[in-house]
Amino acid sequence: MRKVLVTGFDPFGGERVNPSWEVVKLLGDLELSGAQIVVRQLPCVFGKAIDALNAAIDEVHPEMVLCVGQAGGRSDFSVERVAINIDDARIPDNEGNEPVDAPIVADGPAAYFSSLPIKTIVNGLRESGIPASVSQTAGTYVCNHVMYGLMHRLAHPSCSVVKGGFIHIPYLPEQAVKHPGEPSMSVHTVLNALELTIAIALHTEQDLRIAEGATH
């Protein structure tokens, strides 16, 4: 059975929970669209997060990788388009690292684009009544760091992962209570959105394979 790796982060910035992991962990060992979902938690630490992601890819051998992170202040399910080759932390990570204007990969490309069908995903979510948008920036913190590291890995000719990308999600309601005026999204809604995202991405890939087979 093909596999999909989905990751979330541990809490950071003084939060007691991270919505990405609170939702992602609920996907563990589920089967969606003919694929087994495998979940892993990444540390919110520059460098170590990419190391943990690469170790999970080596272990799981997934067909697709979907990384999820918290974006307090955002109001919808944000599908990231691009990761840039820069670490520029506004706050320290969970081990006190606070890089400024540092490249993620020395001499690496300036940016990588998601290989997920981002607009198809957003349209599908909106049609299902879930607020969603294409985001043009994953920031410069650990989320962008992980997305860049993922896409750098996928760009290597030896990598068997078909596609990958990054999703940002809002605070959970219990977090937003402590941030008056900030938007939130329930675990149930985010879980539904992730399941739909995986289904849409896998079906898109399946459709492409069918089309390619028909032309050969």
Side-chain angles (χ1 to χ4, degrees), residues 1-12 18 20-70 79-87 93-95 97 99 102-109 111-118 121 138-139 141-169 194-195 197-206 208-209:
M1 177 179 289
R2 57 185 179 165
K3 296 179 181 179
V4 174
L5 175 63
V6 186
T7 71
F9 287 99
D10 60 359
F12 70 97
N18 190 313
S20 66
W21 181 242
E22 294 305 304
V23 179
V24 164
K25 67 183 182 183
L26 300 177
L27 292 170
D29 298 323
L30 291 180
E31 291 185 12
L32 295 173
S33 299
Q36 179 186 356
I37 310 303
V38 181
V39 303
R40 292 290 185 273
Q41 186 183 64
L42 304 181
C44 189
V45 179
F46 289 100
K48 288 186 177 180
I50 292 178
D51 291 343
L53 176 62
N54 283 328
I57 292 173
D58 291 338
E59 174 194 351
V60 176
H61 301 291
E63 178 174 311
M64 183 172 75
V65 180
L66 182 63
C67 298
V68 186
Q70 168 189 299
V79 185
E80 296 297 343
R81 184 192 293 272
V82 61
I84 60 174
N85 189 16
I86 198 75
D87 287 335
D93 67 14
N94 284 350
E95 290 190 354
N97 303 300
I104 300 169
V105 176
D107 299 322
Y112 283 111
F113 288 92
S114 172
S115 55
L116 297 176
I118 57 175
I121 290 169
Y141 196 54
V142 183
C143 288
N144 175 77
H145 181 84
V146 163
M147 182 180 177
Y148 187 93
L150 170 63
M151 303 316 298
H152 186 69
R153 168 73 181 261
L154 269 56
H156 196 279
S158 66
C159 186
S160 61
V161 179
V162 174
K163 62 178 65 176
F166 199 97
I167 305 290
H168 265 123
I169 61 174
L194 287 176
E195 291 176 345
T197 295
I198 293 167
I200 291 169
L202 289 176
H203 286 161
T204 301
E205 181 61 30
Q206 185 178 48
L208 285 172
R209 287 175 175 172

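- Atoms CD1 and CG, from Ile121 and Leu194 in turn, are 10.0 Å apart once rounded to the nearest 0.5 Å.
- Nearest heavy atom pair, residue Ala56 against residue Leu5, reads CB-CD2, 3.8 Å.
- The two residues Gly165 and Leu150 come nearest to each other via the heavy atoms N-CD2, 3.7 Å.
- Annotation for Asp58: atom CG counts as buried by contact number, over 12 foreign heavy atoms lying within 6.0 Å.
- Between Val45 and Asp10, every side-chain heavy-atom pair lies at or beyond the 4.5 Å cut-off.
- In this structure, CG on Asn18 lies 8.0 Å from CD on Glu22, to the nearest 0.5 angstrom.
- Contact between Ser115 and Gly164 at its shortest, heavy atoms only, is OG-N, 2.7 Å.
- Cys143 and Gly69 get closest at one heavy-atom pair: SG-CA, 3.9 Å.
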Practice prompt. Output, in order, the C-alpha distance, side-chain angles, deciding distance and verdict of side chain to side chain contact (heavy atoms under 4.5 Å, CB included) for Tyr112 and Leu154.
Written response: CA-CA 10 Å; Tyr112 283 111; Leu154 269 56; over 6 Å; no
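- The two residues Cys44 and Tyr141 make their nearest non-hydrogen contact at SG-CE2, 3.9 Å.
- Applying the salt bridge (Lys or Arg N to Asp or Glu O under 4.0 Å) test to Lys3 and every residue at least two apart in sequence or in another chain returns nothing.
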Give the table of side-chain donor-acceptor pairs shorter than 3.5 Å for residues 31-42, with sequence neighbours excluded, one pair per line with atom names and distance.
| unit_1 | atom_1 | unit_2 | atom_2 | d |
| --- | --- | --- | --- | --- |
| Arg40 | NH2 | Glu59 | OE1 | 3.4 |
| Arg40 | NH2 | Glu59 | OE2 | 2.7 |

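- Put simply, the side chain of His152 does not reach to within 4.5 Å of the side chain of Ile50, judged on heavy atoms.
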Item to complete: Please lay out, stage by stage, how Phe166 and Met151 fare under the test side chain to side chain contact (heavy atoms under 4.5 Å, CB included).
Response: CA-CA 10 Å; Phe166 199 97; Met151 303 316 298; over 6 Å; no
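- Listed by chain and number, the residues in a side chain to side chain contact (heavy atoms under 4.5 Å, CB included) with Val82 are Ala111, Phe113 (sequence neighbours excluded).
- Of the inter-residue distances, the one linking Ile198 atom CD1 with Ile167 atom CD1 reads 9.5 Å to the nearest 0.5 angstrom.
- Under the 3.5 Å distance criterion, the side-chain polar atoms of Asn85 are matched with a main-chain donor or acceptor of Ile104.
- Met147 has its side chain within reach of Ser114: a pair of non-hydrogen atoms, C-beta onward, lies under 4.5 Å apart.
- The shortest distance between side-chain heavy atoms of Asn144 and Glu80 does not fall below 4.5 Å.
- Side-chain contact between Val23 and Val68 is absent, with no heavy atoms from C-beta onward closer than 4.5 Å.
- Residues Lys48 and Asp93 fail the side-chain proximity criterion, which asks for heavy atoms closer than 4.5 Å.
- The aromatic rings of His145 and Phe46 sit perpendicular, their planes meeting at an angle over 60°, well past the 30° parallel limit.
- Within the 4.5 Å cutoff, the side chain of Leu66 has heavy atoms near those of the Leu116 side chain.
- Here the side chains of Val65 and Val60 are not in contact, with every heavy-atom distance at 4.5 Å or above.
- The shortest non-hydrogen separation linking Phe9 to Trp21 is O-CB, 3.2 Å.
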